[in-house]
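Read through the structure below, which is laid out as structure tokens, and then see the notes.
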Amino acid sequence: MDVRIHAIYESSYLNIISAIFKDLGLPQLIDRLVPVDPQCHTRASDVVWLLILDILSGRQALVHLERWAHEIDLPKLIRPELQPSWFNDDAIARHLDRLYDANIHQVISACLVQIYKKEGIPLRVFHADTTDVSVYGTYESASPDTLHIAHGYNRQHHWQKQIGFGLIGNEDGVPFYGDVHDGNLPDKTWNPEVLSRVHEQLKQAKIEDEWIYVADSAAMTRNTLAQTKAANAFLITRGPSSLRIVKTALAEADARDTTWSDPFSLAEKNGATYRGWETASTYEGHPVRLVVVESSALDQRKGKTLETERAQEAEFLHEEQARWERHPFSCREDAEQALASLKASLRPRFHRVEAVVEEIVRPKKRRGRPKKGAEPEMETLYTLRLSVEFDQDAWEQARRKASRFVLVTTVPEEWKDRRMDAKEILKLYKGQISVEMNFSFLKDPFFTDEIYVKKPERVAVLGYLFLLALAIYRVFQRRVRQFITPERPLKGVGGRKLTRPTGQAIFQLFWYVKVVLLELPDGQIQRALGQPLTYEQRRILQELGMDESIYV
């Protein structure tokens with residue numbers, strides 16, 4: 001039988017991503033929100049689908065997308081009869097414009113709500129934050145309502161042309177809300193605005209239940225507190241150290257009769273233990289709880305600052321010690337006055353300093369050589385003697401104070417039949433790292449390389465597609481992690497045992513999966529794997545409810 005090889009595709013993990021995209025019902029949803037143009041060979045969902053695969057495969061620039069479409073198994077990944085040549089620059093640009101005209105924010109919001117419903121993800125606690133991403137090129141907008149691409153300093157204090165991303169998601173990092181906003185929008189403005197939008201999004205999804213909004217210290221404003229209440233939500237944020245109520249709480253926590261909670265730990269790698277103390281106050285007319293948290297693991301930056309301050313103080317004290325001993329006084333009265341002034345000026349934090357006036361009797365210095373046999377004339381001088389000793393107790397106390405921070409919350413002490421004590425509030429706040437991990441995705445050049453498009457409207461659409469790709473990536477990671485346990489870890493590349501594998505670590509296991517397209521004598525095309533799947537590959541597919549049919 002004459003069988004020839006028609007094509008070979010390095011499919012890797014793209015078939016899994018494509019299967020998840022389809023399983024979530026996103027193609028049908030997108031086609032409903034962005035109606036199909038009968039004059040186009042492709043649909044908006046086809047372009048979104050292809051761009052999601054492109055982003056998660058190590059993103060090609062849009063000008064290379066058509067060429068890349070020739071290198072993947074397009075009919076198997078998206079839908080039969082699609083031709084790579086249909087995804088040229090003009091076709092993609094038209095679909096990006098159509099997505100923008102259909103209100104890309106609402107399209108992606110609808111996709112995220114559907115993902116949450118399909119995955120059965122609880123809508124109780126959301127973590128929020130913003131970041132900025134650099135863009136390149138000169139952009140001209142036809143409307144003042146279009147995305148404003150602004151020059152500004154990013155969070156690393158580098159001057160750049162940038163856009164802003166806002167994200168709200170759960171502790172697994174799955175976004176529930178996302179937006180692409182002006183590059184110079186302050187967090188203090190974004191927080192109250194986004195709360196009302198999320199509230200509307202929940203109402204559209206017919207969800208009226210209370211929820212918790214976790215954000216960084218920029219959320220500690222009157223407008224955010226008011227909008228949190230209006231959105232049927234509660235707030236957890238870190239109290240800025242400059243606030244009067246935060247300073248008061250820290251001072252009260254330092255009192256001798258303060259009753260701290262028993263030490264507790266969270267599931268963290270560093271094994272830090274915590275203890276908490278709580279008080280109540282009001283801020284801008286809103287009653288709040290202030291939870292003072294003390295950690296056994298001092299923040300690295302604060303630790304370096306303390307070490308620097310201790311070294312500088314020790315150096316200063318030794319310089320003072322040498323200076324006063326070099327310059328004695330002629331009378332005790334002057335020495336006593338200098339001693340009193342010194343004691344008033346020296347307020348060391350990490351050292352104990354003892355200072356006394358010491359009397360010195362020594363031969364009086366005179367010009368020339370003394371006469372032979374003459375008795376030396378003696379003089380009495382007075383010097384300040386400083387004794388500097390490191391104060392271990394003061395040092396430990398300073399470290400304890402530096403390891404304390406204040407969480408401000410409007411969450412009641414009892415919520416949904418759960419006691420919301422210091423441990424629970426801290427645990428929820430610690431989930432904020434899920435948003436920060438999402439930002440590492442959005443800034444990873446593997447996924448989201450530089451943005452080169454002609455119009456700010458298309459920049460906005462591409463930014464929203466980054467957010468949707470992030471959601472698909474997190475869903476994939478979440479699904480796999482649900483069946484990975486310490487007892488049954490995943491064997492990663494190099495034989496590493498993975499109990500909480502990242503999406504990228506799972507991707508690596510499928511990097512070399514190839515699909516061979518065989519052309520039979522009758523002209524039919526049959527797919528076959530280049531080589532059998534490994535045990536770990538079959539295990540992942542099986543647990544995801546898939547098999548090798550997603551490839552062949």
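Note that the structure is a prediction, hence the values are computed from the model and not measured. The figures here come from the full heavy-atom set of this structure, side chains too, leaving out hydrogens, waters and symmetry mates.
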Self-check item: Worked verdict on Val293 versus Tyr429 for side chain to side chain contact (heavy atoms under 4.5 Å, CB included)
Solution: CA-CA 12 Å; Val293 179; Tyr429 179 77; over 6 Å; no
Side-chain donor/acceptor of [X] to backbone N/O of [Y], under 3.5 Å:
X      : Y      : result
Ser296 : Thr273 : yes
Thr224 : Met220 : no
Thr409 : Leu235 : yes
Arg481 : Pro501 : yes
Tyr473 : Gly503 : yes
His199 : Leu195 : no
Thr258 : Glu252 : yes

Practice problem: May I have all residue pairs that pass salt bridge (Lys or Arg N to Asp or Glu O under 4.0 Å) and include part of residues 487-506, sequence neighbours excluded? | Solution: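 Applying salt bridge (Lys or Arg N to Asp or Glu O under 4.0 Å) to every pair that reaches into residues 487-506, excluding sequence neighbours, yields Arg488-Glu543.
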Exercise. Sorted by first residue and then second, give each salt bridge (Lys or Arg N to Asp or Glu O under 4.0 Å) pair with at least one member in residues 209-224; sequence neighbours left out.
Key: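 Only Asp209-Lys416 qualify under salt bridge (Lys or Arg N to Asp or Glu O under 4.0 Å).
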Going by the rule side-chain contact (heavy atoms from CB on, under 4.5 Å), which residues pair with [X] if we only count those two or more places apart in sequence or in a different chain?
X      : value
Gln432 : His127, Asp129, Val214, Glu436
Ser196 : Gln227
Thr189 : Leu185, Pro186, Glu193

Can you find a heavy atom in the side chain of [X] that is under 4.5 Å from one in the side chain of [Y]?
X      : Y      : answer
Thr499 : Pro489 : yes
Leu470 : Pro175 : yes
Arg124 : Ile212 : no
Pro363 : Met378 : yes
Asn191 : Thr221 : no
Tyr13  : Trp511 : yes

Quiz item: Can we say Asp421 and Lys423 salt-bridge, meaning some charged N sits less than 4.0 Å from an Asp/Glu carboxylate O?
Solution: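 Lys423 and Asp421: not salt-bridged.
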Practice problem: Decide side chain to side chain contact (heavy atoms under 4.5 Å, CB included) for Leu266 and Lys430; before the verdict, give the C-alpha distance in whole Å, the side-chain angles of both, and the deciding distance to 0.1 Å. | Solution: CA-CA 9 Å; Leu266 305 176; Lys430 284 283 187 178; 3.9 Å; yes
Quiz item: Relative to the ring of Phe176, is the ring of Phe126 parallel (under 30°), tilted (30 to 60°) or perpendicular (over 60°)?
Solution: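 Phe126 vs Phe176 ring planes: parallel.
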Quiz item: With sequence neighbours excluded, what pairs up with Glu284 under the salt bridge (charged side-chain N to carboxylate O under 4.0 Å, His left out) test?
Solution: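 Expected list: none.
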Practice problem: Could you tell me which residues satisfy salt bridge (charged side-chain N to carboxylate O under 4.0 Å, His left out) with Arg244, sequence neighbours excluded, listed by chain and number? | Solution: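 Once residues adjacent in sequence are excluded, Arg244 has no partner under the salt bridge (charged side-chain N to carboxylate O under 4.0 Å, His left out) criterion.
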Practice problem: Decide yes or no on side chain to side chain contact (heavy atoms under 4.5 Å, CB included) for Leu346 and Leu317, but give the supporting numbers first. | Solution: CA-CA 9 Å; Leu346 287 182; Leu317 290 174; 4.0 Å; yes
Distance (rounded to the nearest 0.5 Å) between [X] [atom1] and [Y] [atom2]:
X      : Y      : atom1 : atom2 : value
Asn232 : Tyr213 : CG    : OH    : 15.5 Å
Phe476 : Ile472 : CZ    : CD1   : 12.0 Å
Tyr464 : Ile108 : OH    : CD1   : 8.5 Å

Quiz prompt | Worked check of salt bridge (charged side-chain N to carboxylate O under 4.0 Å, His left out) between Arg310 and Glu307 | solution = CA-CA 5 Å; Arg310 180 176 73 164; Glu307 290 287 355; 3.0 Å; yes
Quiz item: Between Thr279 and Ala249, what is the shortest heavy-atom contact and its length?
Solution: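 Here Thr279 and Ala249 meet closest at CG2-CB, 4.1 Å.
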Quiz prompt | Pairs flagged by side-chain hydrogen bond (donor to acceptor under 3.5 Å, both in side chains) wherever residues 395-407 is involved - sequence neighbours left out | solution =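 For residues 395-407: Asp254-Lys401, Asp254-Arg404, Glu294-Arg404, Gln392-Glu396.
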Self-check item: Any pair counted as side-chain hydrogen bond (donor to acceptor under 3.5 Å, both in side chains), so long as it reaches residues 167-179, sequence neighbours left out
Solution: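 Output for this query lists Asp172-Arg478, Tyr177-Asp179, Tyr177-Arg197, Asp179-His181, Asp179-Trp190.
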Distance-only criterion, 3.5 Å: show the donor-acceptor pairs between side-chain atoms of residues 347-361 and protein atoms not counting sequence neighbours.
| unit_1 | atom_1 | unit_2 | atom_2 | d |
| --- | --- | --- | --- | --- |
| Arg349 | NH1 | Glu309 | OE1 | 2.8 |
| His351 | ND1 | Glu313 | OE2 | 2.7 |
| Arg352 | NH1 | Asp391 | OD1 | 3.0 |
| Arg352 | NH2 | Glu389 | OE2 | 3.2 |
| Glu358 | OE2 | Arg385 | NE | 2.9 |
| Glu358 | OE2 | Arg385 | NH2 | 3.3 |

Quiz item: For Leu426 and Phe264, what are the C-alpha separation, side-chain angles and deciding distance, and is it a side chain to side chain contact (heavy atoms under 4.5 Å, CB included)?
Solution: CA-CA 11 Å; Leu426 177 62; Phe264 59 87; 3.9 Å; yes
Quiz item: By ring pair (Phe, Tyr, Trp, His ring centres under 6.0 Å), which residues pair with Phe405, not counting sequence neighbours?
Solution: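 If we apply the ring pair (Phe, Tyr, Trp, His ring centres under 6.0 Å) test to Phe405, skipping adjacent residues, there are no hits.
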May I have the list of side-chain donor-acceptor pairs in residues 324-343 shorter than 3.5 Å, sequence neighbours left out?
| unit_1 | atom_1 | unit_2 | atom_2 | d |
| --- | --- | --- | --- | --- |
| Trp324 | NE1 | Glu320 | OE1 | 3.3 |

